[in-house]
Peer 1: 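Here you go, one structure.
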Amino acid sequence: MVRHQENQKDISLKIKEARKLFILSCEIVILNFLSILPVTAATEEPVLSVVHSQENANQWTGITDRLEAIGAKYCVIPLNDVRSMADWGDRRVLFLPNVETLTPTQVIALEEWMSKGGRLIASGPIGSLSSPGVRQLLRSLLGGYWGFSLSDTQQIKPAKTKIPGWANQTGLFGKVRGGVVIPNDMGTQSPAVWNSKDNPAAVVTTERSTFMGWRWGTDTASAAELDNAWLKATVDYYFTALAPSNRTKKIAGGSQTCSTTVAAAPREQGSRGAGVQRGSSSPSSPPPKIATAPIPRPLPIVKPPSSQEAIDQLEQAVRLDVAPNSNEPIDTNQAIALQQELENLIGRVESAHLAVLADAANVGETISEQKQFSRHLDNYASLPVKEQQTQLASTKPGGLVIGKEQALAQARVIAKNLPQQIAQKNYALARQQWLLAKTSLWQQFPVDQKLAQPEIRAVWLDRGTIVRAGSKAGLAQIFDRLTQAGINTVFFETVNAGYTIYPSQVAKEQNPLIRGWDPLAEAVKLAHERDMELHAWVWTFAAGNQRHNEILNVNPDYPGPVLAAHPDWANYDNLGNMIPVGQSKPFFDPANPEVRQYLLKLYEEIVTRYKVDGLQLDYIRYPFQDPSAGRSYGYGKAARAQFQRLTGVDPLNISPSQPDLWQKWTTFRTDQVDSFVAQASQQLRQKQPNLILSVAVFPLPEIERIQKIQQNWETWARRGDVDLIVPMTYALDTSRFQRLAQPWIASKQLGVTLLVPGIRLLSLPTIGAFDQLQLVRDLPVSGYALFAAENFNNDLQKLFNSTQGRVQSKTSQPIPHRQPFQTAAIRYTALQREWKFVFQNDQLQRSAQKISDFNNQAEVLRSALNQLATSPSPSKLLVAKASLTRFQSQFRVLMSQELKSNSYQVKVWENRLVTIERLLRYGERRVQLRP
């Protein structure tokens, strides 16, 4: 599982002296880069190539106005025309402003062009909507990647550096609305940072590229003067830092000119004057050698469908991060997404309050609140649209909310009027109202009252947090915090980068960062003393980590202790690399029987020597590949030999252009992973029958997942190999999170295995995290998993303590994967309380007979579930399942009136009944039933 962004190092340094020289050269580069001094002209008049695409077409006027203002001579390259290196032209510097989608063909051509001496300038979330392989290669070329959008305008300021003088270049710094750029660890410098917590990078630069973390050329993002200063400084450096021979030499195969007009552009584009130059130069380092494949890799006949990788995709698919005053057009799909998300958020807020109110004793006050809300909504909705808009436009963020009722009423009106606003092209007003409604609704979540029912509340306790704890006492503080927050399941990082966290008799080496103690033994005791479960979280086929090597101060290319001792166990890509381009981890060859034997022996040691409650398999896959771009993986010694025995063909000699053979090769690799999961499940359950086996997996579409990482976890679920599927549905907005999770929640291919969506806390606002939790509670799932403990801050601690923690409840609730029948009974009782509350307080007219019929059927089901929970048996399970099926089949009829007035809440209730059904099916497999 890719927990942190995998970084590609532009330059590999093998000795300390070389590192020092390189760092010194980087300082010189940045000093030159940021020192704007008048100099003599170069021998060749510089021409900048600017890329035009459909995505920056609406911004083209602003882009060209800025280019004209700095006197840049430029030509235009239509992105759609790029098919090879030659299409990038013979210009030495290329500018990619705000281009989010590139194809594998385009980015590979860009890589080749840069390897010949081309220099790249980029801005905005470049490539963020491209396929995973494209994003990984761009990460290498740019020295970093767009991490996430900032929620508001922030100040760009100089980074702390030993370089003297450059911080005085005030034109480079000011207020900008952009995003955080995550730099690679080496070969990258950050000359400017955001004036926010931890000062994240706003700009990163290497000897070959500069990446600005905002949408350059858009008035809603930054002032023209600041944009001009950055582009001028960057262009100056790249045209003058190159040796004269490089400035004048044409790139092999490149054209002499590039187009000066673009058909789709708003106006004719052409040369805008002489380029500005300066003379202080710094010799460029030779470009790294580009490896060539041992055989040709033609493109496949059918390209696999693209998808956004869950871990890396932090930029929102629905662009809700556009500045509120932006009048950029909103298309139909965006409009529907905006309206739907607002309506769903209204539903989540109401659902959360209903859960609280159903437990409240003062029903009379609640009735009064609802009547007041109804009157307010009617009055507001009856106003003319223009008067509604006037009220909203005059309201500042934070000033809209008088109370929950007003916030909900106004949010409904905004959602209703949104299509009309967009149809009238009032895009800025639509965004302002949408963001205002969202902020107001977030403020209405009942975060000071207990909300949670019995559910899986898991957190990944990462290696870094364990190392920082340093002792049993330090770990105890962590477990105390998690207990107070209501966490009941801990995924404890036990095997990482080939090292164990404990002193092992099987593994080659305990993690060197752990000295003189056994964190796993201590963690098991601490968890059990607090009625928590502890699951050992292990890296399966990932054998090392370059980032961990840096922490240990060892050679970056060190493959980890296991592969260092057994090099024949290693896996390789089709170019012969143990670590694929753009990634940071070597992998084992799953086809190697010695690898499998070693891993199984290691896992047996963990589950027998320590009283862990479960084992979680992570990196249970191959590394990411992109077959359509000729990048594949799995060519270990054992795998090649076995496949050749099966087919008579060395897999290195085939490609996706040979569909039958390629499919066999893909199936062969997928089978290696599938069979290992089955073997691990069987052997470990023989040792520990009550062991809970979980897997951390990617939520990509099945066909793409099999093609790119050979991970077919639906098969593991259907076979019953695993108990919990934990998809890494990581997103910075709730709508994206829902789109990632929904296909698997609704899937019929998981058998009785429970699904536990993952939520990434990194850079996620506290209330945004809570919003995702509330979505999980409204969907038919049994809990969630938080990544990771290192991001579990004090604000989250306070929120979790009040809404689900032990502070208010001293007794432990059942955990669904351990006590499914008890969980089902308690969750159903909470549903009944909500129905009773609605019937008592709803203004809808229902006959006493209908309410009586509903309550009678609901009571039959309650009795059956309680009897099953008290004394499980096959006969009681049969009765409970039959009662639930009858009740579900009639539920919509019984709720027909409520369905008309509040369809979201009815769907939530149906989802919770589905959760109960899944718990019964899971319990049928896991719980020993006595006649």
Side-chain angles (χ1 to χ4, degrees), residues 291-298 300 498 506-508 539-544 557-581 583 585-603 617 619-627 629-683 705-712 715-716 721:
T292 56
I295 56 172
R297 296 295 180 201
V506 177
K508 297 297 178 183
W539 290 22
T540 306
F541 295 130
D557 295 326
Y558 180 60
V562 183
L563 283 183
H566 302 283
D568 284 351
W569 293 6
N571 221 335
Y572 297 91
D573 69 7
N574 57 321
L575 304 181
N577 301 312
M578 189 184 297
I579 300 177
V581 174
Q583 302 186 42
K585 298 177 179 69
F587 273 60
F588 292 121
D589 180 0
N592 190 310
E594 293 179 347
V595 168
R596 299 163 74 99
Q597 183 180 7
Y598 164 76
L599 293 174
L600 290 171
K601 188 176 181 181
L602 182 64
Y603 300 160
L617 303 179
Y619 291 101
I620 183 69
R621 59 175 176 84
Y622 285 71
F624 265 93
Q625 306 135 55
D626 190 351
R631 300 174 186 275
S632 56
Y633 198 89
Y635 303 92
K637 181 179 179 181
R640 290 176 64 184
Q642 291 178 32
F643 187 78
Q644 191 158 7
R645 283 197 297 270
L646 288 171
T647 64
V649 179
D650 185 339
L652 266 178
N653 295 327
I654 64 175
S655 74
S657 63
Q658 301 164 284
D660 292 340
L661 276 174
W662 188 258
Q663 183 58 47
K664 289 180 180 180
W665 173 231
T666 301
T667 300
F668 172 84
R669 289 175 293 164
T670 306
D671 287 346
Q672 306 312 309
V673 183
D674 289 351
S675 61
F676 181 80
V677 174
Q679 189 178 2
S681 176
Q682 181 181 6
Q683 290 188 205
R705 204 179 336 112
I706 292 173
Q707 288 291 327
K708 294 187 175 180
I709 55 174
Q710 292 78 57
Q711 189 181 72
N712 190 17
T715 295
W716 316 339
D721 295 337

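Throughout, residue positions are numbered sequentially from 1 according to the sequence presented.
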Peer 1: For Gln583 and Phe624, indicate whether the former's side chain and the latter's backbone hold a donor-acceptor pair under 3.5 Å.
Peer 2: yes

Peer 1: List in chain and number order the residues that pass ring-ring contact (aromatic ring centres under 6.0 Å, His included) with Tyr598, two or more places apart in sequence or in another chain; answer none if no residue qualifies.
Peer 2: Trp569

Peer 1: Got a donor-acceptor contact below 3.5 angstrom from the Thr667 side chain to the Gln663 backbone?
Peer 2: yes

Peer 1: For Lys601, which residues count as a salt bridge (Lys or Arg N to Asp or Glu O under 4.0 Å) partner, sequence neighbours excluded?
Peer 2: none

Peer 1: Which residues pass the salt bridge (Lys or Arg N to Asp or Glu O under 4.0 Å) test with Asp721, sequence neighbours left out?
Peer 2: Arg719

Peer 1: Consider side chain to side chain donor-acceptor pair (under 3.5 Å). Of Gln707, Arg669, Lys708, which one does Gln625 pass it with?
Peer 2: Arg669

Peer 1: With Asp650, which residues qualify under salt bridge (Lys or Arg N to Asp or Glu O under 4.0 Å), at least two apart?
Peer 2: Arg640

Peer 1: Can you name the closest pair of heavy atoms from Asn574 and Arg631 and give their distance?
Peer 2: OD1-CA, 4.0 Å

Peer 1: Taking ring-ring contact (aromatic ring centres under 6.0 Å, His included) as the definition, give me every residue that meets it alongside Tyr558, ordered by chain and number, with sequence neighbours left out.
Peer 2: none

Peer 1: Is there a donor-acceptor pair closer than 3.5 Å between any side-chain N or O of Arg621 and the backbone N or O of Arg705?
Peer 2: no

Peer 1: Tell me every residue that passes ring-ring contact (aromatic ring centres under 6.0 Å, His included) with Tyr633, counting only those two or more places apart in sequence or in another chain.
Peer 2: none

Peer 1: Please confirm whether the backbone N or O of Val649 pairs with a side-chain atom of Gln644, one donor and one acceptor, at under 3.5 Å?
Peer 2: no

